[in-house]
Amino acid sequence: MNHRVITTMLVALGLAGTAQTAMAQSAAQQKAQEAAAKIDLTDFLQSSSDARSQSFFFGGTQTHPFTVEKAGRYQFRSSTLPGDSDDYRIEATLLDAQGNEIASESGLGQNDGLTMEQRLEPGDYMLRVSGQKFGTKKTGGNSFVVTVSGLDAQGNRLSNDESGVDDGGGIMFGGPGKDGRTTAFVDDEDAVATIAAPRPEATEAASDVAAGATASSGTAASSDDDGAAAQSGDEEALPEAFDEIVADIAIRQRGEVLSFDVAEAGTVSVTSSTFPGNEGTYRLEARILDESGDVVASDAGEGFEGDFDIETTLQPGRYHIWVKGQKFGSAMSGVNNYTLRVQQLDTQP
């Protein structure tokens with residue numbers, strides 16, 4: 001049973017005295033949703049997590065690995081959603097595959113954020129970024145996007161097809177995390193990754209590898225960058241199966257958005273999520289289809305809980321995730337994309 005259903009039942013039993021108010025809110029919200037459904041925001045949507053661009057939360061230092069296929073001049077820029085506060089600062093450092101610093105730059109939101117250009121030869125690179133947001137948490141916006149683009153001879157940004165940045169082959173893997181977990185970032189609906197339940201021995205081995213890399217480099221930061229950059233774009237470095245599969249999906253997208261393989265029978269979790277504070281701005285529906293196209297599990301957001309949350313037992317085989325999303329309000333309010341996450345929680349005989 002879906003956990004959301006259980007929670008809703010308990011709240012309904014415990015707050016029976018507020019039933020009339022809840023019904024009024026539900027009716028009002030339903031009316032607003034029906035009106036908002038007529039607004040087509042498809043043209044405003046774009047992926048913000050792929051080989052050429054990636055979104056980050058303000059605070060802390062994070063990395064974006066990418067591969068250059070042809071020599072040329074490349075531009076690195078940051079951006080935020082229209083209407084977000086411009087009271088922030090972005091700092092970026094460009095590293096090669098060996099962790100050597102190539103260039104660094106910073107930019108303020110009042111000056112359109114970060115802009116950095118550098119000539120690069122073919123190879124693997126890592127952009128290390130940190131964003132600091134000023135003011136209170138209530139100030140609009142809590143994330144930013146960094147984009148890597150190729151430039152032509154006149155300094156104009158090239159299209160994705162013309163740019164020399166590798167598309168990542170549909171699956172990006174930056175190496176195991178500090179906890180040993182492996183994550184596949186999928187940016188192509190035709191790419192298929194295999195999910196598997198975390199195994200204690202695998203987690204310990206991955207942690208040992210990460211610890212060894214840290215010790216050999218002398219500093220944790222440079223070893224993390226080297227490991228991720230070395231494995232970026234290297235298909236042989238991809239694990240046979242991942243602890244989790246993650247994809248960035250446009251809220252208004254409808255249809256099959258992700259396929260995955262199950263190696264061993266077990267409980268699989270398929271969930272959606274966005275940045276905190278966007279409750280009630282969208283509604284999502286999801287179905288898991290087997291190879292025959294039959295629905296094996298489904299869930300849909302309700303009311304202010306717009307996300308789906310599926311837990312179901314799956315046998316070995318290939319599965320497809322079908323989604324339908326509805327966004328309320330204007331394109332400049334709330335988020336336009338959500339994170340789709342697939343995890344296998346256990347194995348079963």
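These numbers were taken from a predicted model, which means no experiment stands behind them.
Using a 4.5 Å heavy-atom cutoff, the side chains of Phe242 and Val186 are not in contact. Within the 4.5 Å cutoff, the side chain of Asp307 has heavy atoms near those of the Tyr282 side chain. Contact of the Leu127 side chain with the Tyr125 side chain is not registered, since no non-hydrogen atoms from C-beta on lie closer than 4.5 Å. Side-chain atoms of Glu240 and Thr194, non-hydrogen and from C-beta on, never get closer than 4.5 Å to each other. Proximity of Phe308 to Leu340: side-chain heavy atoms (C-beta onward) are separated by under 4.5 Å at one or more points. Taking the side chain as every heavy atom from C-beta outward, Arg89 and Ser106 approach each other to under 4.5 Å. Contact check for Asp261 versus Val192: side-chain heavy atoms found under the 4.5 Å cut-off. Contact of the Arg157 side chain with the Leu151 side chain is registered, since non-hydrogen atoms from C-beta on lie closer than 4.5 Å.
Ile195 and Asp243 get closest at one heavy-atom pair: CD1-O, 3.5 Å. Heavy atoms only, all atoms of each residue included: Gly301 and Arg283 are closest at O-NE, 3.0 Å. Heavy atoms only, all atoms of each residue included: Phe328 and Gly280 are closest at CD1-O, 3.5 Å. Annotation for Ser272 and Tyr338: closest pair CB-CD1, 3.7 Å, computed over non-hydrogen atoms. Among all heavy-atom pairs drawn from Thr182 and Ala241, the shortest one is OG1-O, 4.1 Å. Scanning all heavy atoms of the two residues, the minimum distance from Ile249 to Gln253 falls at CG2-OE1, 3.9 Å.
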Is there a side chain to side chain donor-acceptor pair (under 3.5 Å) between Thr183 and Glu244? Walk through the geometry before answering. CA-CA 5 Å; Thr183 300; Glu244 63 178 0; 2.6 Å; yes
Stepwise, does the side chain to side chain contact (heavy atoms under 4.5 Å, CB included) test hold for Ile321 with Phe260? CA-CA 8 Å; Ile321 300 176; Phe260 64 95; 3.8 Å; yes
Could you go through the side chain to side chain contact (heavy atoms under 4.5 Å, CB included) check for Thr115 and Gln75 one step at a time? CA-CA 7 Å; Thr115 299; Gln75 184 183 75; 4.1 Å; yes
Residue pair Val246, Thr339: steps toward the side chain to side chain contact (heavy atoms under 4.5 Å, CB included) verdict: CA-CA 7 Å; Val246 176; Thr339 298; 3.5 Å; yes
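Rounded to the nearest 0.5 Å, atoms NZ (Lys324) and CZ (Arg252) are 9.5 Å apart. Here Asp346 contributes atom CG and Glu264 contributes atom CD; the two are 11.0 Å apart, rounded to the nearest 0.5 Å. From Leu120, atom CG reaches atom CZ of Arg73 across 9.0 Å, with rounding to the nearest 0.5 Å. Taken from OG1 in Thr63 to CZ in Arg128, the straight-line distance is 9.0 Å, to the nearest 0.5 Å. Taken to the nearest 0.5 Å, the CE atom of Met116 stands 11.5 Å off from the CD atom of Glu91. Separating the CD atom in Gln118 from the CG atom in Leu94 is a distance of 6.5 Å, to the nearest 0.5 Å.
Residues Val295 and Ile288 fall into different hydrophobic clusters, defined by Ile, Leu, Val, Met, Phe, Trp and Tyr side chains chained together at heavy-atom separations under 4.5 Å. Criterion: ILVMFWY side-chain heavy atoms under 4.5 Å apart, direct or through other members. Under it, Val342 and Val296 are part of a common hydrophobic cluster. In terms of hydrophobic clustering, with Ile, Leu, Val, Met, Phe, Trp and Tyr side chains grouped at heavy-atom distances under 4.5 Å, Ile102 and Tyr74 are assigned to a common cluster.
Every pair passing ring-ring contact (aromatic ring centres under 6.0 Å, His included) that includes a residue from residues 75-112 is listed here, sequence neighbours excluded: Phe58-Tyr88, Phe66-Phe76.
A donor-acceptor pair under 3.5 Å is absent between the side-chain atoms of Arg318 and the main chain of Glu291, judged by distance alone. Side chain of Thr67 to main chain of Asp124: no donor-acceptor pair is present (N/O by atom type, distance under 3.5 Å, no hydrogens or angles). Although no hydrogens or angles enter the test, the distance criterion places a donor-acceptor pair under 3.5 Å between the side chain of Ser85 and the main chain of Asp87.
Each of Gln343, Gln348, Gln344 was compared with Thr267 under the side-chain hydrogen bond (donor to acceptor under 3.5 Å, both in side chains) criterion, and only Gln348 meets it.
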